[in-house]
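Model, not experiment: these values are computed from the prediction.
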Amino acid sequence: MNTRILAYSLAVMLTGMTASSSLAQAPAASAAPAPFAPGVRYDVTIPTLAQVLGHEPGAAITPPDGVITYVKALAQAAPTRTRLIEYGRTWEGRPLVVLAIASAERMAQLDAVQKGLQRLADPRGLAAGEEATLIASLPVAVWLMHAVHGNEISSVDAALLEAYHLLAAQDDPDVTRILRETLVLIDPLENPDGRARFVASNTQAMGPWPDAEPFAAEHNEPWPGGRSNHYLFDMNRDWFAQSQLETRGRTRFFLQWFPQVVVDLHEMSGDSSYYFAPPADPLNPHITPQQIGWFSTIGKANAAKFDERGFAYFNREVYDSFYPGYGESWPIFHGAIGMTYEMASARGLVWRRSDGDQLTYRDGVLRHFTAAMTTLATSAANRQPLLRDFVAYRRSAITDGEKGSTRAWLVPVGADPARAHRFAQLLRDQGFDVSQSTEAITVGARTLAAGTYVVPAAQPAGRLLQNLLDPSVAQPAAFVTEQDRRRRKRLPDQMYDVTGWHLPSAYDVDVVPFDRPLTTVRTQPMAAPPAVTLPAAKVGYVMPWGIGTARLVVAAQAAGLRLRFADESFTLAGRTYPAGTAIVRSVENPADTTAVLSRLATEHRAEIVAVDSAFTEAGISLGSNRVVPLKAPRVLLAWDAPVSSQSAGWARYVLERRFGQRVTAVRVSAFMMADLTRFDVVVLPSGNYTQGLGGPALQRLKDWVSAGGTLVTIAEASRWATRDGVNLLDTTTELRDGRPESAGGGGGTGTGGAGRPSGSGGASGGGGSTSAAPAGGAASIDLEKATLPKEEPPIATSGALMRATVDTEHWLAAGSDDVLHVMVEGSRVFSPITLDKGRNVATYATGEQAVAAGLMWPEARTLLGNKAAIIAQPRGRGHVIAFMEDPNFRAFTEGTALLFINAVLLGPAH
């Protein structure tokens with residue numbers, strides 16, 4: 001074992017005793033550390049962490065493989081009180097596990113307990129008296145989740161200590177009651193891939209002793225850091241997007257066990273203390289008074305325990321429960337009491353705080369352990385009320401759906417069946433009832449074809465459904481008013497995350513509210529469509545463009561097929577095919593083309609039509625020069641600093657996992673070594689490339705574009721492309737007053753952020769003085785105007801979906817209609833490009849209806865109106881495709897992601 005770990009390990013024994021010979025090397029030099037559980041005796045037959053891994057809790061940062069080794073050892077030592085459940089694997093193949101713990105009597109009936117929890121979760125199926133029987137007999141299920149962010153480290157060792165304490169503690173009445181009244185579900189490590197990155201970085205940088213300096217290498221992680229998973233996603237924002245393997249595993253696990261209490265344990269700044277519920281404003285309007293009451297009940301219990309032990313804490317600040325995609329909030333809208341706990345992070349074994357005190361890793365383990373055990377004890381003491389409120393929440397969601405003006409949401413299959421199916425499947429994967437109509441449905445003047453997806457409003461998770469399908473999930477008026485006051489005074493806002501996420505807008509799918517009883521609609525369960533068997537075609541096959549077609553094209557090219565793309569519409573055999581239709585000519589392809597396309601059409605739900613005559617009745621001909629050959633693109637993705645890790649991860653995930661497109665990730669520092677002639681497309685995720693791609697590297701990039709390359713820039717990379725000296729994009733970014741940014745030298749904020757403009761002004765939010773000037777004196781000034789900064793970036797938006805008008809005549813818009821919804825986050829405003837320089841493929845809408853979902857200040861909405869959202873600019877034989885916001889945002893903005901993959905797949909053909 002490393003000598004540094006050994007020295008510290010000896011200093012922090014479970015009982016709080018120290019070894020005097022090692023004390024000089026321990027971070028806390030003067031006093032024995034506080035015991036984890038004062039006065040508790042432990043069963044010697046249950047292995048300690050030191051016996052299995054060689055260090056005490058908090059003495060070393062247990063690596064991911066060590067976590068699995070220890071929980072397996074605990075399960076083996078206490079087989080009658082545990083069950084180790086593997087619920088998934090990470091992208092890098094590491095196991096994701098939950099250790100279930102309860103009394104031997106409970107565990108002997110665990111399968112029956114699981115079925116009982118599932119029965120309680122759906123009140124529609126409960127017989128008379130069954131609910132009371134279940135509440136009287138079932139344990140309250142408490143799910144403790146640890147370290148979704150891999151570099152938020154202390155909760156993992158707290159999890160191991162929680163499990164040991166529950167299994168080994170003797171004569172502890174709290175533990176006895178917890179085991180009797182609860183089913184404890186401990187997920188010790190949600191993000192092992194990210195933790196592995198952190199541990200590798202920390203270990204490589206460590207010396208013989210822990211270094212408390214905040215900027216010491218052991219604390220300062222290289223790009224991308226350990227926070228995110230393999231694809232660099234923040235998985236604490238992925239719960240309704242369901243993009244990552246780890247998240248999908250966790251939501252499946254939730255829907256198998258339906259826990260009533262869910263705690264997600266995190267870390268925050270080393271200068272903070274400890275946070276637990278109640279959460280900060282704004283609260284999501286679909287959180288009930290009963291849930292708010294439980295936040296307070298559990299929070300007060302934690303406060304009492306922390307007061308007893310002398311631990312500082314805070315609540316009702318910073319961390320809200322508004323966005324429904326958090327690890328704590330998604331369970332809330334299924335009826336659970338979901339809570340985030342945050343501990344100040346040592347980001348290693350010891351950290352020097354700004355006040356000079358030293359924060360140790362063990363401090364974090366101790367506080368997380370204390371909060372987790374207190375939450376378990378409080379849940380055990382309130383078993384029946386928690387179960388009763390859980391089923392009441394889910395029953396009332398059904399009742400609300402039955403009484404509401406919208407009885408169901410209808411999703412027509414439409415022109416892009418793959419997109420509609422993906423949307424419906426996403427809803428099903430979150431526990432919603434989704435069926436399909438067996439006949440046409442009339443809604444007003446519209447007739448929706450048979451096969452339309454039907455999503456009832458009256459279902460147990462109806463409040464989550466409303467969160468996702470209702471565009472107006474409102475923040476409290478008082479909160480919005482306060483944010484308006486703060487922004488007028490140039491104070492930081494209190495918005496923790498995005499404010500708009502309307503899934504139909506993000507997916508660009510048509511969702512139709514239905515106001516009649518569902519008994520008027522005949523439906524059947526969603527089922528996989530029958531396998532497609534295409535007929536042999538004399539001329540070939542045509543495929544209208546869409547999500548499924550784009551995915552099919554990548555797979556077809558990988559299978560060796562040659563494809564073409566129609567830049568304009570045409571009419572064939574009485575049917576009009578839009579611009580963007582893909583074409584496979586039989587004569588250009590192998591004999592098994594029909595079989596290959598049949599398989600791919602089934603897999604990707606793309607529509608394929610066999611064609612026996614190439615004679616068109618209108619529009620372009622299939623042999624026209626406006627039908628261009630598609631080339632399987634070779635894609636280079638900029639990687640590493642100065643790239644935004646999230647933007648890079650989103651782009652890579654969308655390319656590789658959503659569409660199956662191979663990517664070569666190249667570190668920006670190695671850009672000069674890359675042979676650009678081997679690539680057709682270069683993608684620059686969000687980032688400022690001034691240092692990384694200057695001088696000769698920039699000139700090489702320009703020459704490559706002029707020679708026929710497709711350069712795709714995203715968000716801050718698009719801003720960089722407009723800069724003097726870069727000149728890849730012939731437009732400008734704007735200041736708050738609409739002047740070009742270059743004229744005043746101001747700067748906007750980038751992606752991320754909660755709408756905090758750079759710099760702060762002293763402008764008053766109360767308006768100027770109107771009093772008369774003193775006799776003989778100068779007139780009063782307008783204080784607000786007089787204190788406004790002279791050069792200001794645009795007002796920032798925390799994350800709202802804004803409508804954009806699409807130029808459907810441009811090939812980049814293939815598969816899209818004339819309206820797109822863009823996630824606006826930050827303060828980028830781009831002037832539209834002039835028509836002699838390029839095309840504004842999408843421009844932001846104007847007026848009060850321009851914002852589809854979320855909070856955007858009127859001044860920001862007005863400034864963005866008619867400004868560029870997507871630009872295509874030819875350069876020599878190539879072109880630059882610039883996205884002003886990130887089209888791959890959290891991998892749930894399917895509408896803009898389609899245009900991103902269009903840039904990659906279709907750019908080289910144009």
Side-chain angles (χ1 to χ4, degrees), residues 413-422 425 436 449-451 526-633 657-662 811 814-815 898 901-902 904-906 908-909:
V413 172
D416 192 348
R419 192 195 309 238
H421 174 78
R422 181 172 172 80
Q425 188 62 50
Q436 286 184 275
M526 273 183 66
V532 174
T533 303
L534 293 170
K538 187 182 301 182
V539 172
Y541 302 89
V542 295
M543 298 170 279
W545 199 262
I547 292 286
T549 304
R551 180 66 181 87
L552 182 148
V553 164
V554 177
Q557 289 175 329
L561 301 190
R562 296 177 62 188
L563 296 97
R564 295 176 180 269
F565 178 87
D567 277 341
E568 296 180 19
S569 65
F570 58 89
T571 301
L572 191 65
R575 175 176 173 178
T576 298
Y577 293 89
T581 297
I583 301 169
V584 177
R585 298 181 65 89
S586 297
V587 71
E588 296 176 337
N589 284 286
D592 65 346
T593 296
T594 301
V596 171
L597 289 178
S598 295
R599 174 177 59 80
L600 295 179
T602 302
E603 182 178 350
H604 301 297
R605 294 177 178 266
E607 181 188 11
I608 302 181
V609 180
V611 175
D612 288 328
S613 172
F615 183 81
T616 59
E617 296 101 54
I620 63 173
S621 299
L622 298 193
S624 166
N625 287 339
R626 299 297 293 155
V627 176
V628 298
L630 290 179
K631 177 182 181 181
R657 298 297 179 172
R658 282 290 290 110
F659 293 99
Q661 174 61 51
R662 287 180 176 271
W811 54 263
L898 175 61
I901 195 65
N902 286 353
V904 172
L905 297 182
L906 307 180

Practice item. In sequence, state the C-alpha distance, the side-chain angles, and the governing distance for Leu561 and Leu597, and then conclude on side chain to side chain contact (heavy atoms under 4.5 Å, CB included). Key: CA-CA 9 Å; Leu561 301 190; Leu597 289 178; 3.8 Å; yes
Revision key, fill the gap. By side-chain hydrogen bond (donor to acceptor under 3.5 Å, both in side chains), Arg564 pairs with (sequence neighbours left out) Glu588
Practice item. Please list all pairs passing the side-chain hydrogen bond (donor to acceptor under 3.5 Å, both in side chains) test where one or both residues lie in residues 541-554, with sequence neighbours left out. Key: Tyr541-Thr594, Trp545-Asn902
Point to revise | Heavy-atom side-chain proximity of Phe659 to Val904 below 4.5 angstrom | key: no
Revision key, fill the gap. side-chain hydrogen bond (donor to acceptor under 3.5 Å, both in side chains) filter on Glu607, not counting sequence neighbours, yields Arg575
Check your understanding: Listed by chain and number, what are the side chain to side chain contact (heavy atoms under 4.5 Å, CB included) partners of Ala614, not counting sequence neighbours?
Key -> Val539, Leu622
Review point. Rounded to the nearest 0.5 Å, how far apart are CD1 of Ile547 and CG of Asp416?
Key: 6.0 Å
Practice item. Could I get the full list of side chain to side chain contact (heavy atoms under 4.5 Å, CB included) partners for Ala420, not counting sequence neighbours? Key: Val411, Tyr453
Practice item. State, with a plain yes or no, whether a side-chain heavy atom of Met526 is found less than 4.5 Å away from one of Gln425. Key: yes
Review point. Under the salt bridge (Lys or Arg N to Asp or Glu O under 4.0 Å) test, which residues partner Arg658, sequence neighbours left out?
Key: Glu894
Exercise for review: Provide the full list of salt bridge (Lys or Arg N to Asp or Glu O under 4.0 Å) pairs with a residue in residues 612-627, sequence neighbours left out, each pair given once.
Suggested key: Asp567-Arg626, Glu568-Arg626
Review point. With sequence neighbours excluded, what pairs up with Ala909 under the side chain to side chain contact (heavy atoms under 4.5 Å, CB included) test?
Key: Val628, Leu630
Review point. Looking at residues at least two apart in the chain, or sitting in another chain, which of them share a side-chain hydrogen bond (donor to acceptor under 3.5 Å, both in side chains) with Arg662?
Key: none
Check your understanding: Between Val553 and Leu563, which heavy-atom pair has the shortest distance, and what is it?
Key -> CG2-CD2, 3.9 Å
Review point. Considering residues at least two apart in sequence or located in another chain, which fulfil the side chain to side chain contact (heavy atoms under 4.5 Å, CB included) criterion with Pro908?
Key: Pro633, Asp680, Val681, Thr710
Study note, to complete from the structure: Residue pairs passing the side-chain hydrogen bond (donor to acceptor under 3.5 Å, both in side chains) test with at least one member in residues 576-587, sequence neighbours excluded, are Thr571-Thr576
**Study point:** Residue pairs involving residues 578-612 (criterion ring-ring contact (aromatic ring centres under 6.0 Å, His included); sequence neighbours excluded)
**Key:** none
